[in-house]
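Report on the following structure.
In this text, all values refer to a predicted model and were calculated from it rather than measured experimentally. The first residue of the sequence shown is numbered 1, and numbering continues consecutively from there. In each ligand, atom 1 is the first atom listed, and ligand 1 is the first ligand listed.
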Amino acid sequence: MKVGVVGAGLVGATAAYAMVLRGSCSELLLTDLDAARAGAEAQDIAHASPVSHGTRVASGPLEALAGSRVVIVAAGANQQPGESRLDLLSKNAAIFRDLLPQVAAAAPDAALLIATNPVDILTDLTVRLLPGRAVLGSGTVLDSARLRWLTAERAGVDATHVHASVLGEHGDSEVIAWSSVTVAGLPVAAFMAARDLPWTTDTRAEIEAGTRGAAAAIIQGKRATYYGIGAALARITERILADRRAILTVSAPTPAYGVSLSLPRIVGAGGVLNTVMPLLDAAETAALDVSAGVLRAARANLAEWASEA
Ligand code: NAD
């Protein structure tokens with residue numbers, strides 16, 4: 001099964017590398033405006049193939065995406081220190097208006113998995129540009145992983161046994177859905193009490209700050225984030241290819257909020273199959289409304305939505 005990666009920068013190349021190491025697909029095609037970069041990344045990643053899963057890795061022009069079942073889009077500008085994801089909107093929207101119709105024409109059967117920021121609004125823009133196409137954004141899959149990891153550290157367990165969702169914007173207004181966090185099937189507070197571990201307002205505030213501030217902290221230290229998102233993109237892609245019906249907090253158009261944002265979704269062949277609204281308390285429900293409002297307000301800066309502002 002073939003997967004395409006458009007934008008072979010740090011995020012796209014790391015996703016491709018993760019897919020080779022995990023054996024996510026049989027064939028990978030990297031393409032970038034900077035053909036030399038895509039070629040060099042493809043060559044470097046291909047050298048991991050014989051010692052991992054034997055994936056065929058190549059680079060080429062957009063037309064070489066033909067036959068892809070999933071295309072990951074990670075093309076565009078990334079955040080500079082001090083910049084928010086929403087600051088990237090006009091630059092990356094301009095790239096998408098030109099690029100996405102070409103990607104869709106080159107890979108007519110592919111689900112489009114958007115990673116470029118601001119990912120929620122660019123998911124909406126892609127849906128607007130390409131009606132009828134399977135489109136989803138990586139959304140808060142990465143943020144949920146950060147929340148799970150930080151909670152697991154406190155719980156003293158393997159992070160794969162923590163279930164937790166970050167909802168709403170992949171960005172500053174994202175919502176930590178504490179009501180639905182479980183460890184070993186127990187509500188997190190019950191798990192911590194059973195193990196005699198601290199679980200206070202301060203503990204939650206620290207985890208929340210660590211989740212929300214992770215990207216800024218990493219960008220401050222090494223200029224970009226890519227390993228976490230690379231693994232998340234590999235995971236989402238595998239779930240689509242294998243029609244796994246996995247629950248992932250990907251971003252997709254959500255009529256109740258009038259914008260693309262992240263909620264737990266059932267992901268399989270064709271992308272998002274359904275949405276599973278978690279049980280939220282009143283504060284979480286209100287915070288999700290605020291997050292949706294932030295996204296709608298930012299999206300109104302795009303010409304496509306100007307009349308709705
Ligand atoms: P990067 O600068 O390393 O790579 C971006 C690549 O896009 C470059 O190689 C550039 O040549 C290419 N590109 C630009 N315009 C193009 C076009 N029209 N056609 C083809 N290729 C084009 O940046 P990065 O660190 O890989 O980040 C990429 C995007 O991913 C950014 O928007 C960043 O904010 C986002 N990101 C998203 C998440 C997430 O959770 N969704 C996490 C990290 C980064």
Taking atom OG of S59 and atom CG of L29, what is their separation to the nearest 0.5 Å? 7.5 Å

Is there a path of hydrophobic side-chain contacts, each under 4.5 Å between heavy atoms of I, L, V, M, F, W or Y residues, that connects I236 with Y227? yes

Out of V6, V73, I229, L33, whose heavy atom sits nearest atom 17 (C) of ligand 1? L33

Starting from atom 31 (C) of ligand 1, what is the nearest protein heavy atom, named by residue and atom, and what distance separates them? A77 O, 3.1 Å

Consider side chain to side chain donor-acceptor pair (under 3.5 Å). Of T249, T211, D120, which one does T140 pass it with? T249

Gap between atom CE of M1 and atom OG1 of T55 - 0.5 Å precision: 12.0 Å

Which of the numbered atoms in ligand 1 are below 4.0 angstrom from a heavy atom of V11? 24 (P), 25 (O), 26 (O), 27 (O), 30 (O), 43 (C), 44 (C)

Any side-chain heavy atom of P264 sitting closer than 4.5 Å to one from P278? yes

The atoms of ligand 1 lying under 4.0 Å from a heavy atom of L142, numbered in the order shown, are 40 (O)

Judged on heavy-atom distance to atom 18 (N) of ligand 1, which of I95, D143, L100 sits nearest? I95

Tell me the contacting part of A75 for ligand 1: side chain, backbone, both, or neither, using a 4.0 Å heavy-atom threshold, strictly below. both

Please report whether ligand 1 has a polar contact with L10, defined as an N or O pair separated by less than 3.5 Å (distance criterion only). yes

Output for pair (S173 OG, D289 CG), nearest 0.5 Å, gives 11.5 Å

Heavy-atom pair with the smallest gap, counting every atom of F191 and L186: CA-CD1, 3.9 Å

Under 4.0 Å from any heavy atom of S138, which atoms of ligand 1 are there? 39 (C), 41 (N)

Considering non-hydrogen atoms of the protein only, which is the closest contact for atom 28 (C) of ligand 1, and what is the distance? A74 O, 3.3 Å

Evaluating non-hydrogen atoms only, which member of D32, T31, V5, L88 is closest to atom 12 (C) of ligand 1? D32

If we check side-chain contact (heavy atoms from CB on, under 4.5 Å) with N92, which of these qualifies: L122, N78, L125? L122

Side chains of V73 and F96 in contact at under 4.5 Å (non-hydrogen atoms): yes

Heavy-atom nearest neighbour in the protein, as seen from atom 33 (C) of ligand 1, with distance rounded to 0.1 Å: N78 CB, 3.6 Å

Side-chain donor-acceptor contact under 3.5 Å, E169 with S291: no

Starting from atom 4 (O) of ligand 1, what is the nearest protein heavy atom, named by residue and atom, and what distance separates them? G9 CA, 3.2 Å

Ignoring hydrogens, just give me the one of G76, G12, A115 whose non-hydrogen atom is nearest atom 5 (C) of ligand 1. G76

Under 4.0 Å, heavy atoms only, figure out whether ligand 1 is touched by the backbone of R85, its side chain, both or neither. neither

Quick look: T225 vs ligand 1, heavy-atom contacts under 4.0 Å, and the answer is both

Side-chain heavy atoms under 4.5 angstrom apart, residues restricted to Ile, Leu, Val, Met, Phe, Trp, Tyr: same cluster for L248 and V70? yes

What atoms of ligand 1 come within less than 4.0 Å of a heavy atom belonging to N92? 32 (O)

Considering heavy atoms of the protein only, find what lies nearest to atom 34 (O) of ligand 1 and give residue, atom and distance to 0.1 Å. N117 ND2, 3.0 Å

